[in-house]
Protein chains: 2
Amino acid sequence: MESQLTTIRSIDPETAVNDTLAMTELSGFPTRKQLRDLKRREIVRCATVKFGTEGYENVTLEAIATELGVTKAALYNYCSSKNDLLMQCYELGMDRLVDAVETAMAGTGSAAERLAAGLKAYIVTMLRPDMQYLWSYTRPMVTSGDKRSVLDSRDKLDVMFRNMLNAGISDGSLRADLDPKLASLVILGAANWVGIWYRKGGGKSPSEIGAEVTGEALRGYLA
Amino acid sequence: MESQLTTIRSIDPETAVNDTLAMTELSGFPTRKQLRDLKRREIVRCATVKFGTEGYENVTLEAIATELGVTKAALYNYCSSKNDLLMQCYELGMDRLVDAVETAMAGTGSAAERLAAGLKAYIVTMLRPDMQYLWSYTRPMVTSGDKRSVLDSRDKLDVMFRNMLNAGISDGSLRADLDPKLASLVILGAANWVGIWYRKGGGKSPSEIGAEVTGEALRGYLA
DNA sequence: GCAATTTGATAACCGAGGGTCACTGAACTT
DNA sequence: AAGTTCAGTGACCCTCGGTTATCAAATTGC
């Protein structure tokens with residue numbers, strides 16, 4: 001059986017919005033390192049979709065390997081365990097989240113407006129079909145030791161929101177008496193909770209949900 | 001090996017606060033049904049502690065069985081699968097939560113005060129060591145089909161909070177313009193989020209955390 | 001009291017799936 | 001051309017959830 005790992009698969013526009021993979025396609029003569037890294041990311045991308053839509057414990061390494069046209073053992077060249085593979089998926093997901101929030105917050109409005117934009121982007125990104133189960137259903141599997149980079153990203157997000165809260169106090173668009181630490185806790189809590197209860201079919205689109213929850217979560221903090 | 005399932009184990013006061021098991025000890029000549037039910041609950045109690053403190057996927061049925069002094073196969077007289085056992089643990093946990101919140105909300109103050117008491121009780125209960133992983137780490141494993149009763153309890157809690165929010169609008173202790181549905185979402189989101197990031201050693205006790213988060217989550221809703 | 005039956009537990013086993021390892025063949029190096 | 005590196009293979013092991021045949025004790029019927 002010929003390995004398909006060397007093939008650059010077409011990117012599904014629905015699930016791959018803002019995916020960075022497409023931007024790093026091979027140019028001319030790929031080095032061994034480049035090829036290896038591309039394959040690794042292809043594995044992670046495949047695993048992310050499967051974990052995200054089917055749930056971690058319902059996906060076998062065999063299934064991932066088959067889908068990629070290789071054997072299970074081959075995967076172990078790119079990850080040290082199934083949990084490690086999940087970790088790499090988390091990193092990918094975290095990067096997406098950070099990117100989305102960063103972009104949304106880069107606007108020019110008041111801090112309150114940019115905070116709202118960032119929060120909405122956070123929620124919408126989290127509700128992407130292939131992020132769904134990844135966040136709400138398998139965060140658990142992140143075992144100690146491995147999870148450093150994930151926690152780093154989480155902290156990074158937390159800091160981004162806290163900074164924006166502080167900026168809001170400074171520019172007067174948010175109440176001066178709010179505690180950024182506690183407020184970011186409540187805000188992110190509300191946002192993350194959406195990922196738990198939201199299921200397609202509730203009638204509302206992720207974008208609508210994002211806007212509604214954002215409005216509600218920030219209501220008490222506006223100046 | 002003699003079965004220890006017939007022994008009523010002493011209740012650890014730390015983890016068994018409000019546990020209903022102690023109230024149903026056998027009286028005189030236990031019937032077969034009573035004995036069976038007692039054993040079932042003893043299994044669930046043991047599993048709850050282990051799942052809660054070690055994490056679902058790190059606990060083998062073998063380990064639970066050994067701790068109870070029986071074989072793994074014996075457990076299958078009381079549950080149909082490992083996941084079903086987890087479900088029963090969730091029910092136990094949910095009952096604890098509902099009890100705690102109900103009791104806390106039964107006071108005589110304003111609706112806002114009772115809401116705060118209920119929310120704090122919710123958080124504190126959730127932070128019990130043996131509830132920790134159960135909530136934040138294994139909610140995922142609840143697979144469709146089985147999970148009806150758990151969702152019922154969750155709905156029940158949601159309704160309790162929504163009712164109290166409505167009561168607060170009526171008695172004027174909460175802002176008249178709040179949307180109970182969205183508000184309960186944000187409030188419970190913030191509360192549940194605590195279970196994710198809280199780890200012993202942060203210096204603050206569950207009670208302090210509960211009070212702080214409660215204050216913050218309700219701040220925007222007070223009249 | 002003594003068979004017949006029901007119940008709860010056991011030991012032995014099965015199969016899925018995560019993880020390992022000796023080896024192979026192709027690509028790169030010299 | 002010979003040696004070296006390395007991704008990938010196939011066969012294998014082990015853990016653990018789940019099943020089944022069987023047995024002993026308690027319960028019931030006569």
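Only a predicted model underlies this, so the values are computations on that prediction, with no experimental measurement involved. A, B, ... follow the sequence lines: proteins, then strands. Residue 1 opens every chain.
- For C:dA9, the OP1/OP2 oxygens have a side-chain nitrogen or oxygen of B:Asn77 closer than 4.0 Å.
- B:Glu208 pairs by the salt bridge (Lys or Arg N to Asp or Glu O under 4.0 Å) definition with nothing, not counting sequence neighbours.
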Next item on the list: Summarise how protein sits on nucleotides 19-26 of chain D as a single string, 5' to 3': B when a protein heavy atom is under 4.0 Å from the base, S for sugar-phosphate-only contact, - for no contact.
Entry: B------S

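- Within the 3.5 Å criterion, the main-chain N or O of B:Gly118 finds no donor-acceptor partner in the side chain of B:Glu102.
- A straight line from CG of A:Leu61 to P of C:dA16 spans 16 Å, rounded to a whole angstrom.
- With rounding to whole Å, B:Ile64 atom CD1 is found 12 Å from D:dG17 atom C1'.
- Legend: residues meeting side chain to side chain donor-acceptor pair (under 3.5 Å) with B:Ser184, ordered by chain and number and at least two apart, are B:Asp158.
- Atom-to-atom distance recorded for A:Arg96:CZ and A:Leu92:CG is 4.5 Å, nearest 0.5 angstrom.
- For B:Val70, the listed nucleotide lying nearest its side chain is C:dT10; candidates were C:dG8, C:dT10, C:dG19.
- In this structure, A:Lys82 contributes its side chain and A:Val59 its backbone to a donor-acceptor pair below 3.5 Å.
- Atom C1' of nucleotide D:dG8 and atom CD of A:Glu62 are separated by 14 Å, given to the nearest angstrom.
- In this structure, B:Leu38 atom CG and C:dG8 atom P are separated by 13 Å, rounded to whole Å.
- Counting heavy atoms from C-beta on, the side chains of A:Asp99 and A:Thr125 never come closer than 4.5 Å.
- The phosphate of D:dC6 has neither OP1 nor OP2 within less than 4.0 Å of any side-chain N or O from A:Arg36.
- D:dG17 atom P lies 11 Å from atom CG of B:Leu85, rounded to whole Å.
- C:dG18 atom C1' lies 14 Å from atom CG of A:Asp84, rounded to whole Å.
- To the nearest angstrom, P of D:dG17 lies 11 Å from CD of B:Glu57.
- Checked for salt-bridge contact, A:Asp37 and A:Lys33 miss the test: no charged N lies under 4.0 Å from a carboxylate O.
- The OH atom of B:Tyr56 sits 12 Å away from the C1' atom of D:dC16 (whole-angstrom rounding).
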